[in-house]
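The first residue of the sequence shown is numbered 1, and numbering continues consecutively from there. Whatever order the structure lists ligands and atoms in, that order sets their numbers, starting from 1.
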Amino acid sequence: MILNKRTRRLRTSEGIRAMVSENAVTAKDLLAPLFIIEGNNKKVPILSMPGQSRFTLDLIFKEVEELLTLGVPSICLFPALPEEKKNTQCTEALNEKGLYLTALREIKKRFPELILMTDVALDPYSSDGHDGFVDPVSGEIVNDTTVEMLAKMSVLQAAQGADIIGPSDMMDGRVGAIRGALEKSGFSNTMIMSYTAKYASSFYGPFREALDSTPKKGDKKTYQMNPTNGREALRELRLDEEEGVDIVMVKPGLPYLDIVKTLRDNTHLPVAVYNVSGEYAMIKAAAQLGWLDGTKAMAEMLTSFKRAGADIILTYFAKEMAQLLRD
Ligand code: PBG
């Protein structure tokens, strides 16, 4: 055959493949979610997330130090509270002497260069296991009073030194309310990374095990997005932009790569993707069974996020991927 065009020419050697490679994950793109628990020198493994644990603050320090050494610049902290600290009013969320706000303060003091992202939603503090307040009569997830609470939480988190506020709740109007509260309180440099397109997904199971935060009643479908919808993500994007968001996020990642691409093509803001607990569990489980090469599958999956247009990847693989990049 005489073929003028042969796409295989550009694939003939490691060298040429590297030269024409379009996308790469680097450690600076990664953001590691970490779970904190009360106490000292304790590490409680999360069974459905092999290799991931809930750490006490002293051990979180060690994790952060390792991540920074590996070139991972950022973490997002989630509190795993004992059941007796949870109630319907989610009061622990505003406790400046409590686990979460203390941890943010101490982490920032120790690692000023770390980009510290927070979680803003009621589920870690809620005896109902929902991201908003639950109306005791109707069972409805109440929007507006939840948003007031989220704004208060955000200001307290910013006051402890948080760099990025991360509303993961999907209430209407929360980005604007949080932005307004931050501005009014003098935290004009504190960023908001909104969970802009967060879907009501079955891939959050292992995370809810980590926090023991499965809803006691019902599901999250009245606030998180319907997995059937793509256009609706653009509506969420426009609202977040109007309300003053700094970074927009899609969650989960792998089953929603089209949404990552849609956001990338429709905003000038940085786009983040949350490679969630179930995506991590899926690869770990297959690797444990010998059905997949876990390391290669991890790298391929994380690269797919860059290809789809993500700038930032929140992933439980952050440390493992950074180690792979280093070696
Ligand atoms: C809840 C929240 C969830 C995650 C982060 N924040 C789960 C949920 O909506 O129930 C999931 C993260 C993951 O699965 O890794 N505010």
Considering only protein heavy atoms, which is closest to [atom], and at what distance to one decimal place?
{"atom": "atom 7 (C) of ligand 1", "value": "Phe207 CD2, 3.7 Å"}
{"atom": "atom 2 (C) of ligand 1", "value": "Lys198 NZ, 3.2 Å"}
{"atom": "atom 4 (C) of ligand 1", "value": "Lys251 NZ, 2.6 Å"}
{"atom": "atom 8 (C) of ligand 1", "value": "Lys220 NZ, 3.2 Å"}
{"atom": "atom 14 (O) of ligand 1", "value": "Ser277 OG, 2.7 Å"}
{"atom": "atom 1 (C) of ligand 1", "value": "Asp123 OD2, 2.9 Å"}

Does a side chain donor of either [X] or [Y] reach within less than 3.5 Å of an acceptor in the other side chain?
{"X": "Thr56", "Y": "Glu38", "result": "no"}
{"X": "Asp29", "Y": "Thr26", "result": "yes"}
{"X": "Thr303", "Y": "Asn23", "result": "no"}

Check your understanding: Are Tyr195 and ligand 1 in contact, using a heavy-atom cut-off of under 4.0 Å?
Key ->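 Not so, Tyr195 does not reach ligand 1.
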**Study point:** Between Phe78 and Tyr100, ring centroids under 6.0 Å
**Key:**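 Between Phe78 and Tyr100, the centre distance exceeds or equals 6.0 Å.
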Review point. Phe55 and Phe61: aromatic ring centres closer than 6.0 Å?
Key: no
Under a 4.0 angstrom heavy-atom cut-off, which atoms of ligand 1 come close to [X]?
{"X": "Gln224", "value": "8 (C), 9 (O)"}
{"X": "Ala121", "value": "16 (N)"}
{"X": "Tyr316", "value": "12 (C), 13 (C), 15 (O)"}

Exercise for review: Answer yes or no on whether Lys198 is positioned over the face of Tyr204, meaning its NZ or CZ is under 6.0 Å from the six-membered ring centre and within 45° of the axis.
Suggested key: yes
Check your understanding: Relative to Phe207, does Lys251 satisfy both conditions: NZ or CZ under 6.0 angstrom from the six-membered ring centre, and within 45 degrees of the ring's axis?
Key ->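 The answer is yes, since Lys251 meets both limits relative to Phe207.
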Practice item. Using distance alone, determine whether Asp119 and ligand 1 share an N or O pair under 3.5 Å. Key: no
Exercise for review: Pick out which of Met171, Gln89, Met153 makes a side chain to side chain contact (heavy atoms under 4.5 Å, CB included) with Leu122.
Suggested key: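 Single side chain to side chain contact (heavy atoms under 4.5 Å, CB included) partner of Leu122 among Met171, Gln89, Met153: Met153.
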